[in-house]
Peer 1: 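The structure that follows is given in the form of structure tokens.
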Amino acid sequence: QVQLVESGGGLVQAGGSLRVSCAASGRSFSSYSMAWFRQAPGEERELLAAIAGNGGRTYYSDSVKGRFTISRDNAENTVYLRMNTLKLEDTAVYYCAATSRYSYSAYSGDYDIWGQGTQVTVSS
């Protein structure tokens with residue numbers, strides 16, 4: 001199975017943009033549905049976006065729809081989350097996740113492979 005490493009988190013001002021990346025090692029990356037989650041202190045982990053193995057289908061939660069964009073580059077074994085118009089409430093640890101159960105899933109419970117997370121902090 002793949003292993004996942006996130007990068008690109010940091011401190012950004014409200015209204016700004018940031019892109020986080022998730023590099024996957026292992027074979028058959030294009031067969032995995034990939035997703036981004038986040039978890040703020042005291043909150044449950046939240047599914048933000050998901051993308052099919054071939055990139056042909058995506059899902060967004062209402063909290064990020066229109067502001068965040070998930071994409072993947074199967075040649076580079078990488079998935080991205082572009083975050084625009086960031087808000088204070090977007091501050092959280094952002095996690096990349098994968099599942100080989102389905103080529104596409106928007107169900108958080110299907111994801112069983114996790115990265116270590118990257119902190120995103122939005123300041124006023």
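Owing to the predicted nature of the structure, the values given are computational and were not obtained by experimental measurement.
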Peer 1: Any side-chain heavy atom of T69 within less than 4.5 Å of one from Y80?
Peer 2: no
Peer 1: Give me the atom names and distance for the closest heavy-atom approach of A92 to A40.
Peer 2: CB-N, 3.9 Å
Peer 1: Just how far is it from atom OG1 of T85 to atom CE of M83, taken to the nearest 0.5 Å?
Peer 2: 11.5 Å
Peer 1: Same cluster or not: Y32 versus Y104, using hydrophobic residues (I, L, V, M, F, W, Y) connected whenever any side-chain heavy atoms lie under 4.5 Å apart?
Peer 2: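 Y32 does not cluster with Y104.
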Peer 1: State plainly whether the residues K87 and D90 are in salt-bridge range, i.e. N to O under 4.0 Å.
Peer 2: no
Peer 1: Is any side-chain heavy atom of T99 less than 4.5 Å from a side-chain heavy atom of M34?
Peer 2: no
Peer 1: May I ask you to decide if the ring planes of Y94 and F68 are parallel, tilted or perpendicular, using 30° and 60° as cut-offs?
Peer 2: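 Answer is tilted, since the angle falls between 30° and 60°.
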Peer 1: Determine whether V20 and V2 fall in the same hydrophobic cluster, where Ile, Leu, Val, Met, Phe, Trp and Tyr are linked whenever their side-chain heavy atoms lie under 4.5 Å apart.
Peer 2: yes
Peer 1: What's the shortest heavy-atom distance between N74 and S30, and which atoms?
Peer 2: ND2-CB, 3.4 Å
Peer 1: Measuring only between side-chain heavy atoms, which start at C-beta, is L4 closer than 4.5 Å to I113?
Peer 2: yes
Peer 1: Using residues 42-58 as the side-chain source, report each donor-acceptor pair under 3.5 Å to any protein atom, sequence neighbours left out, with the distance given to one decimal.
Peer 2:
| from | atom 1 | to | atom 2 | distance (Å) |
| --- | --- | --- | --- | --- |
| E46 | OE1 | R38 | NE | 3.1 |
| E46 | OE2 | S63 | OG | 2.8 |
| N54 | OD1 | G56 | N | 2.8 |

Peer 1: For a quick test of reading the model, state the closest non-hydrogen atom pair linking L86 to R67 and the distance between them.
Peer 2: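 Here L86 and R67 meet closest at CA-NH1, 3.9 Å.
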Peer 1: Go through the steps for R101 and Y107 under the test side-chain contact (heavy atoms from CB on, under 4.5 Å), then give the verdict.
Peer 2: CA-CA 11 Å; R101 299 178 189 176; Y107 175 55; over 6 Å; no
Peer 1: Under 4.5 Å between side-chain heavy atoms, hopping through other hydrophobics if needed: is there a path connecting L81 to V122?
Peer 2: yes
Peer 1: Both conditions, 6.0 Å and 45 degrees, for the charged tip of R72 above the ring of F29: are they met here?
Peer 2: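 Positive - R72 is close enough to the ring of F29 and near enough to its axis.
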Peer 1: Side chains of V79 and I70, heavy atoms from C-beta outward: is any pair under 4.5 Å?
Peer 2: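 Contact flag for V79/I70 side chains = yes.
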Peer 1: If you define the side chain from C-beta out and look only at heavy atoms, does anything of D110 sit under 4.5 Å from Y102?
Peer 2: yes
Peer 1: Following the transitive rule for hydrophobic clusters with a side-chain heavy-atom cut-off under 4.5 Å over Ile, Leu, Val, Met, Phe, Trp and Tyr, establish whether V93 and L88 coincide in one cluster.
Peer 2: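 The answer is no; the residues belong to distinct hydrophobic clusters.
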Peer 1: Are the side chains of V12 and T121 in touch, meaning some heavy atoms are under 4.5 Å apart?
Peer 2: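 No, too far: nothing below the 4.5 Å cut-off.
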Peer 1: Between Y111 and F37, does the ring centre distance come in under 6.0 Å?
Peer 2: yes
Peer 1: Are C22 and W36 close enough, and set up right, to give a side-chain contact (heavy atoms from CB on, under 4.5 Å), and what steps lead you there?
Peer 2: CA-CA 9 Å; C22 172; W36 285 96; 3.7 Å; yes
Peer 1: Any side chain to side chain donor-acceptor pair (under 3.5 Å) involving residues 7-22? Give me the pairs, sequence neighbours left out, ordered by first then second residue.
Peer 2: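 Pairs touching residues 7-22 that pass the test: S17-N84.
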Peer 1: Are there more than 12 heavy atoms of other residues, nucleotides or ligands under 6.0 Å from atom CD of Q3?
Peer 2: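 Atom CD in Q3 is not packed in, count stays at 12 or less.
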Peer 1: So N77 and S25, do their side chains get closer than 4.5 Å, heavy atoms only?
Peer 2: no
Peer 1: By the disulfide (SG to SG under 2.5 Å) test, which pairs, at least two apart or in different chains, include something from residues 25-64?
Peer 2: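 Disulfide (SG to SG under 2.5 Å) check on residues 25-64 returns no pairs.
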